[in-house]
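One structure below.
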There are 2 protein chains.
Amino acid sequence: MIKNSVSEIFCFRGQQSLRPTRQRLALARLLFLAADTGAQHHRHVTAEQLHSEVLASGVEVSLATVYNCLKQFTAAGLLRESMVVAGKTYYDTNTTDHHHFYLPESDQLVDIDPTKIALVSLPELPPGAEIERVEVVIRLKNKSPKI
Amino acid sequence: MIKNSVSEIFCFRGQQSLRPTRQRLALARLLFLAADTGAQHHRHVTAEQLHSEVLASGVEVSLATVYNCLKQFTAAGLLRESMVVAGKTYYDTNTTDHHHFYLPESDQLVDIDPTKIALVSLPELPPGAEIERVEVVIRLKNKSPKI
DNA sequence: ATACTTGCAAATCGTTTGCAATACC
DNA sequence: GGTATTGCAAACGATTTGCAAGTAT
C-alpha cells in the first residue's frame with residue numbers, strides 16, 4: 001500500500017519513466033509521503049541529509065545513488081533545486097514559485113508563506129532577456145530561534 | 001600615488017589593521033580602484049577570477065592568499081559575500097543592501113538598480129527572529145544577452 | 001625582534017563520474 | 001536477455017588549513 005502510493009509518483013507525476021527500484025522507492029517515500037501527509041509540509045533536504053535518513057530507515061543506499069536520484073527526480077519535475085546557501089544544494093519538494101527563510105543555526109530552509117511576500121516593480125531587463133527564476137532568501141540571524 | 005590611494009583603504013575604510021603587503025595592495029587595487037574610478041561600477045569576483053587578474057597584472061600571488069585576503073577584506077567590511085550561485089562565492093565591492101541579476105551564460109552577477117526593485121509586506125518572522133539579510137536573485141535564462 | 005603574512009602542498013567538503021556488478025522488465 | 005540502475009572508488013572543483021619560510025613594523 002505504501003509501496004503503491006509511492007509508485008504512483010513515478011507513474012503519474014513524473015514524465016520520464018523511472019524504474020521503481022528499492023532505492024528510489026525508499027527515497028521517494030521519505031521525500032513525498034512525509035510531505036503529502038503533513039499539511040503542505042514541504043521538505044528541504046541535502047543529499048547528505050537524505051542519505052542519513054534512508055540509512056536510518058533501514059534501507060541500504062549509497063550516497064552516489066542519492067545524488068543521482070535527486071537529480072533524476074529534479075529532471076522529472078518532482079523536486080526543485082535551491083542553491084542559495086553556501087556550497088550546498090537543497091532539494092525542495094515544493095516545485096512551485098516560492099521563497100525561503102534560511103536559518104543558519106540549524107542550516108535549514110523554511111518556506112515563506114507566499115501570501116506574505118511580494119516583489120514590486122521588477123527592474124527592467126536588458127532587451128531580449130527573460131527571467132528564469134526569482135529567488136528571495138531571508139537569512140535570519142544566528143541567534144534566531146528555530147521556526 | 002596609486003599605492004597611496006589603495007593604502008587609504010586599509011587605513012580608513014577597514015576596522016582591522018591589515019598590513020599593506022605587496023599581495024594585498026595588488027588585490028585591493030584591482031578590487032577598489034577599478035570600482036572607485038568607474039561611476040559606481042561595483043565588482044563581483046570569485047577568488048579564481050581575481051587570482052587570474054592579479055597574475056595577469058604581473059604580481060605573483062598564490063591562490064590561497066587570494067582566498068585568505070578576500071575573507072579578511074570581508075571581515076574588515078570592505079567586501080560582501082554572495083553565495084547565490086551554485087558552489088561559488090562571489091565577493092562584491094558593493095557592501096550596501098542590494099540585489100542581483102545572475103547571467104548563467106557569462107557566469108556573472110550584475111547589480112539591480114536599487115530604485116527598481118522592492119519587497120512589499122515582509123512575512124512575519126518567528127517570534128524573536130531577526131533578519132540578517134534579504135537577498136534577491138533574478139536568474140536570467142541562458143539565452144539572455146549580456147548586460 | 002617579533003608578530004603577522006605568505007605559499008605550498010595536503011586536507012576537506014560537496015558533488016560527479018567511470019565502470020563492473022546487479023536488478024528490473 | 002538486454003537495458004537501466006547501483007555501488008564503489010577515484011576524480012573533481014572550490015575552499016581551507018598546517019606549517020615552514022619570508023616580510024612588515
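All chains are named by letter (A, B, ...) in the order of the sequence lines, taking the proteins before the strands, and each is independently numbered beginning at 1. Just so it is clear, the values below take in all heavy atoms, side chains as well, and ignore hydrogens, waters and symmetry mates.
- The phosphate of C:dC4 (OP1 or OP2) has no side-chain N or O of B:T21 nearer than 4.0 angstrom.
- The separation between B:E81 atom CD and D:dA14 atom P is 16 Å, rounded to whole Å.
- Under the 4.5 Å side-chain criterion, counting only non-hydrogen atoms from C-beta, B:R24 is in contact with B:F73.
- Side-chain proximity of B:P20 to C:dT15, D:dT25, C:dT17: nearest is D:dT25.
- Within the 4.0 angstrom heavy-atom criterion, only backbone atoms of the sugar-phosphate kind lie near B:T89; the bases stay farther away.
- Nucleotides of DNA chain D nearest to B:Y91 and A:N68 differ in position, and the one nearer the 5' end is that of A:N68.
- Listed pair A:Q23 / C:dA23 fails the phosphate criterion, with no side-chain N or O lying under 4.0 Å from OP1 or OP2.
- Side-chain atoms of A:K71 lie closest to C:dT16 of the nucleotides C:dA9, C:dT16, D:dA14.
- Rounded to whole angstrom, the span from the NE2 atom of B:H51 across to the P atom of C:dT6 amounts to 13 Å.
- Look at A:R24 and you'll find a side-chain N or O under 4.0 angstrom from OP1 or OP2 of D:dT6.
- A:L103 places a side-chain heavy atom less than 4.5 Å from the side chain of A:F101.
- Rounded to a whole Å, the CD atom of B:E48 is 7 Å from the P atom of D:dT15.
- For B:V61, the side-chain atoms get nearest to C:dG7 when compared with the rest of D:dT15, C:dG7, D:dC8.
- For the pair B:L25 CG and D:dT23 P, the interatomic distance rounds to 15 Å; values are reported in whole Å.
- B:R80 has a carboxylate O that lies under 4.0 Å from a charged side-chain N of B:D97, or vice versa, which qualifies the two as a salt bridge.
- In the set D:dT17, C:dT16, D:dA4, the nucleotide with an atom closest to the side chain of A:Y67 is C:dT16.
- Residue B:T65 has no polar side-chain atom (N or O) positioned under 4.0 Å from OP1 or OP2 of C:dT5.
- Side-chain contact between B:L25 and B:V59: absent, with no pair of heavy atoms (C-beta onward) separated by less than 4.5 Å.
- In the set C:dT15, C:dT6, D:dT17, C:dT6 carries the atom at the smallest distance from any side-chain atom of B:C69.
- Distance CG (A:L63) to C1' (C:dC13): 11 Å, rounded to an integer number of Å.
- One interatomic measurement links the two molecules: CD of A:E60 to P of C:dA23, which rounds to 14 Å at whole-angstrom precision.
- When the C1' atom of C:dT6 is taken as reference, atom CG of B:L70 falls 15 Å away, rounded to whole Å.
- Of the candidate nucleotides C:dC8, C:dC4, C:dT15, C:dC8 has the atom nearest to the side chain of B:S62.
- Salt-bridge formation is detected for the pair B:E130/A:K141: a Lys NZ or Arg NE/NH1/NH2 atom is positioned less than 4.0 Å from an Asp or Glu carboxylate oxygen.
- Rounded to whole Å, atom P of D:dA14 lies 10 Å from atom CD of B:Q49.
- Side-chain contact annotation: A:D111 with A:H98, donor-acceptor N/O pair under 3.5 Å present.
- In this structure, the nucleotide among C:dT17, C:dC24, D:dA24 sitting nearest to the side chain of A:A64 is C:dT17.
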